[in-house]
Number of protein chains: 4
Amino acid sequence: MTSKISLKEKQRRDREQLILDYAEKMLLEKGYHDVSMDEIAAGVGVAKGTLYLHFPKKEDLAYALVKPKMLSFLSSVEEAKAFSGGPIEKLEYLLQRELTGAFFQFLLKSSSDMTTIFKSYETEIHEVLSQIFSGIHEILNEGKREGVFDPELPVEFMSSAFINMFEPHLYKEMVVVRRMPLEVYIRHTAILFFQGIMKSKEMK
Amino acid sequence: MTSKISLKEKQRRDREQLILDYAEKMLLEKGYHDVSMDEIAAGVGVAKGTLYLHFPKKEDLAYALVKPKMLSFLSSVEEAKAFSGGPIEKLEYLLQRELTGAFFQFLLKSSSDMTTIFKSYETEIHEVLSQIFSGIHEILNEGKREGVFDPELPVEFMSSAFINMFEPHLYKEMVVVRRMPLEVYIRHTAILFFQGIMKSKEMK
Amino acid sequence: MTSKISLKEKQRRDREQLILDYAEKMLLEKGYHDVSMDEIAAGVGVAKGTLYLHFPKKEDLAYALVKPKMLSFLSSVEEAKAFSGGPIEKLEYLLQRELTGAFFQFLLKSSSDMTTIFKSYETEIHEVLSQIFSGIHEILNEGKREGVFDPELPVEFMSSAFINMFEPHLYKEMVVVRRMPLEVYIRHTAILFFQGIMKSKEMK
Amino acid sequence: MTSKISLKEKQRRDREQLILDYAEKMLLEKGYHDVSMDEIAAGVGVAKGTLYLHFPKKEDLAYALVKPKMLSFLSSVEEAKAFSGGPIEKLEYLLQRELTGAFFQFLLKSSSDMTTIFKSYETEIHEVLSQIFSGIHEILNEGKREGVFDPELPVEFMSSAFINMFEPHLYKEMVVVRRMPLEVYIRHTAILFFQGIMKSKEMK
DNA sequence: CATGAATGAGACTTCATTCAT
DNA sequence: TATGAATGAAGTCTCATTCAT
């Protein structure tokens, strides 16, 4: 019963994954508007009609790529909130968890397009982003209450700066091109966010 | 007779400004790919051909919007470098100078598209961005030498985080929507960048 | 199973032929610049996009019409060279072979445009025309060596005059409109080319 | 009275000639459809509006170039008819008269477009061409009657071949590029037309 | 008269989406 | 179910022609 759903269903999922993989690669490389459905179909090796069997619209295909990353980020935020330790540890956990792997690449890379492309998913996206930010704000407020975070700074400032830390461009330059070890990259990111660029006296 | 260059030339510039204004509005609102030349022409109240009299390609129209902002930012960087005071004061000057007004809106808003849209201007853009970053790096390195900036952090990290401070989304939310006074906004931005979110002991 | 390439492929070719037929008709009638892709699509009864499925550019559609005629002429030249008989017989064979049917209509009709329209095919066309002329020159030189053709006349003169014989305008006037039997038309053409307009003493 | 029409009128004519000269150059070089009115105006150094002051339509400008050449050819035909000597001498006179200078270049070069471009002048062109051909036919028939031209060949054949002799391409190749003396070129052309390519026994 | 900015019809081309096989 | 040919709306850009200055 467990494995009987498969056979055809498995093939279907495999194929869908092939599509998603190739689409992600191309979308990241050339941007939403410069990748055609033809191009994706050809690259995957299926007919264009097949794409539409899996994703009714181009928008849906792209969103199928963005959604799990957004949700993954959200669940990381939830995990961070539950993480044992103070607010600093929680944010470090989140940093560690999402800075590796695919993290926010897509969202940020296409951030400007987010609103223009995913019109049908506008509310859904807004919903998830709200939860993400409110989760981060919770942690930040906790930190403020505990006196470890600057009480003067609005959490919106902090969270926005925090999200900017995930900017994939820098990651690529440092980790991929210059081969900076990931843990060093994460450490620098943490220092930057927690202490700023001033010469510090302490930190951990 | 001194300003006899005008008459027709003035009209030409006025109209060009009308086009640029409307185009900026729409481009910011809907994004490059969702604004058609027809739409801009109609909005400005001129014929399609008139647009092409001023800008040979859609790309050129968009770049005519981006270029001055980029150059303005660059010259602010140059001014900042020459600003009397330490590296902190220089960066604060830059922050103050460009956080107001048009600053980096367009660049950042369309950052993801920059490479895909402005193909013909790729090298020119790269050139200017290089100068901008190298100017900022100079200031940052000066700060490192003087012992005020964290010597452990690579300047690329710092500059990237610094540029992210210009993210227009937060500006809009805070200053425009929530009516936060600009000087407060700038102060928070500076704190965030220089000291991070940790409760500080000092700062100025 | 032998002709199993068909089914869809056949339909594709049929439709392509429909397009080519209608395009040839219109192009001959109105000229390249006065026939729009819209017009062709409408005339054939397909959508505009379908045209571009078969021919990526308007230029390609037009060249698809010209190319086979050019190649057919070239292969006739090759056949003529191998034709048993003297140089006169060879040229007569070529005359006979290409004066009927579609022959050089398109090429000559659009000769002036050839260079301006088929920019992408410039070298290819030049290549084929070179072969055509060099083939004809071979025959002409053979005739000169054998003492049947005027040794004083440059072959370029002769070949140019020969090619001019294929001028479709006269063919239409004489054979189509005035119903001159084709063999008479060919005979007159041969006389003109071989003996000129002077009252002859002989000829075959 | 004779010279009082001038002053402004002369300037007007000079300017018109400048326009015509430049237009002829460009039209010959790039073809009717690939030369824009902008391009001509810029090349001549006048405003586009000025072009339209002299020629109401692009078609008119082009026809102003073609017409005098056609008329010149026609009057040469008339002169040839009146030329003292037999039909051969008359045609040789015509050959000599029009093969030099600008002769039929334009007409032939653009022959294919003639019908498509000069729609408004269709009947006028037809009229002149009719006169040209009927003049040539007169000479040819005279030759036939006198027994010097082949009575078997229809005059339409002969005249068509005769006109083809003016093909500018060959002229350019031989006289301009290969520096063949003009009188040799004319002589070859005459031989070709009168005697064909066969080794002749006589001819003057 | 001369100018050249403005016009707008219309050309070519792309591409997301559909649907008969 | 998978295919890919067909569709046609929509986009960018050109250019002959007009007309206010």
Side-chain angles (χ1 to χ4, degrees), chain A residues 8 11-12 15 32-42 45-62, chain B residues 7-9 11-12 14-16 32-42 44-61, chain C residues 7-9 11-12 14-16 32-42 44-61, chain D residues 8 11-12 15 32-42 45-62:
Chain A
K8 284 203 173 177
Q11 287 188 348
R12 207 194 65 85
R15 198 192 290 252
Y32 186 81
H33 295 285
D34 285 325
V35 179
S36 69
M37 292 299 263
D38 272 87
E39 196 177 345
I40 295 172
V46 297
K48 216 187 321 180
T50 306
L51 251 49
Y52 283 87
L53 246 36
H54 291 264
F55 309 100
K57 307 262 171 204
K58 189 185 183 184
E59 190 188 350
D60 299 325
L61 169 53
Chain B
L7 211 69
K8 286 209 171 175
E9 179 59 15
Q11 287 188 349
R12 206 194 64 86
D14 285 354
R15 195 181 287 253
E16 186 157 311
Y32 186 82
H33 295 285
D34 285 323
V35 179
S36 72
M37 292 300 264
D38 275 273
E39 193 178 349
I40 295 173
V44 179
V46 297
K48 219 183 319 178
T50 305
L51 252 48
Y52 286 89
L53 235 44
H54 292 265
F55 309 99
K57 305 266 172 206
K58 187 184 183 184
E59 190 187 349
D60 298 325
L61 169 52
Chain C
L7 211 69
K8 286 208 170 176
E9 179 58 15
Q11 287 188 348
R12 205 194 66 84
D14 285 355
R15 194 180 289 250
E16 186 157 313
Y32 186 81
H33 295 286
D34 285 322
V35 179
S36 71
M37 291 300 262
D38 275 272
E39 193 178 349
I40 295 173
V44 179
V46 296
K48 223 183 312 179
T50 305
L51 253 47
Y52 286 88
L53 235 43
H54 292 264
F55 308 100
K57 307 264 172 207
K58 188 184 183 185
E59 191 188 350
D60 299 324
L61 169 51
Chain D
K8 285 203 172 178
Q11 287 188 347
R12 207 195 63 85
R15 197 192 291 252
Y32 186 81
H33 295 285
D34 286 325
V35 179
S36 69
M37 292 300 264
D38 273 88
E39 196 177 346
I40 295 172
V46 297
K48 217 188 320 181
T50 307
L51 250 48
Y52 284 87
L53 245 36
H54 292 264
F55 309 99
K57 307 261 172 205
K58 187 183 183 184
E59 189 188 349
D60 299 324
L61 169 52

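Letters A, B, ... are given to chains in the order of the sequence lines, protein chains preceding strands, and every chain is numbered from 1.
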CG-NZ distance between D:Leu53 and D:Lys48, expressed to the nearest 0.5 angstrom: 14.0 Å
CG on D:Asp34 to NE2 on C:His33, rounded to 0.5 Å: 5.5 Å
Atom-pair distance (CG on C:Leu61; P on E:dA11), nearest Å: 15 Å
Do any N or O atoms of the protein come closer than 3.5 Å to N or O atoms of nucleotides 1-5 of chain E, and which pairs are they?
residue: E:dT3; atom: OP2; partner: D:Ala47; partner atom: N; Å: 3.3
residue: E:dT3; atom: OP2; partner: D:Thr50; partner atom: OG1; Å: 2.4
residue: E:dG4; atom: N7; partner: D:Gly49; partner atom: N; Å: 3.1

Euclidean distance, B:Met37 CE relative to B:Thr50 OG1, rounded to 0.5 Å: 11.0 Å
A:Asp38 CG to E:dT13 C1', straight-line distance once rounded to whole Å: 14 Å
Shortest non-hydrogen contact between B:Lys58 and B:Val35, atoms and distance: NZ-O, 2.7 Å
Distance (rounded to the nearest 0.5 Å) between A:Asp38 CG and A:Leu51 CG: 9.5 Å
Atom-pair distance (CD1 on B:Ile40; C1' on F:dT12), nearest Å: 12 Å
Stems formed with participation of DNA chain F [Watson-Crick or G-U wobble, under 3.5 Å, three or more pairs]: E:2-21 with F:2-21
From CD (B:Gln11) to CD (B:Glu9), nearest 0.5 Å: 10.5 Å
Considering all heavy atoms, the nearest C:Arg12-C:His54 contact: O-CE1, 3.5 Å
Separation of E:dC15 C1' from A:Met37 CE (nearest whole Å): 10 Å
Closest non-hydrogen atom pair, B:Glu59 against B:Tyr32: N-OH, 3.3 Å
Atom-pair distance (NZ on D:Lys57; P on F:dA16), nearest Å: 12 Å
Candidates E:dC12, F:dC15, F:dC13 - which lies nearest the side chain of B:Lys58: F:dC13
Rounded distance (Å) that lies between atom P of E:dC15 and atom CD of A:Glu59: 18 Å
Residue pair A:Leu61 / A:Ile40, side-chain heavy-atom distance below 4.5 Å: yes
Nucleotide E:dT18, atom P - distance to CG of A:Asp60 in whole Å: 11 Å
Whole-Å distance separating the CG atom of D:Leu51 from the P atom of F:dC15: 15 Å
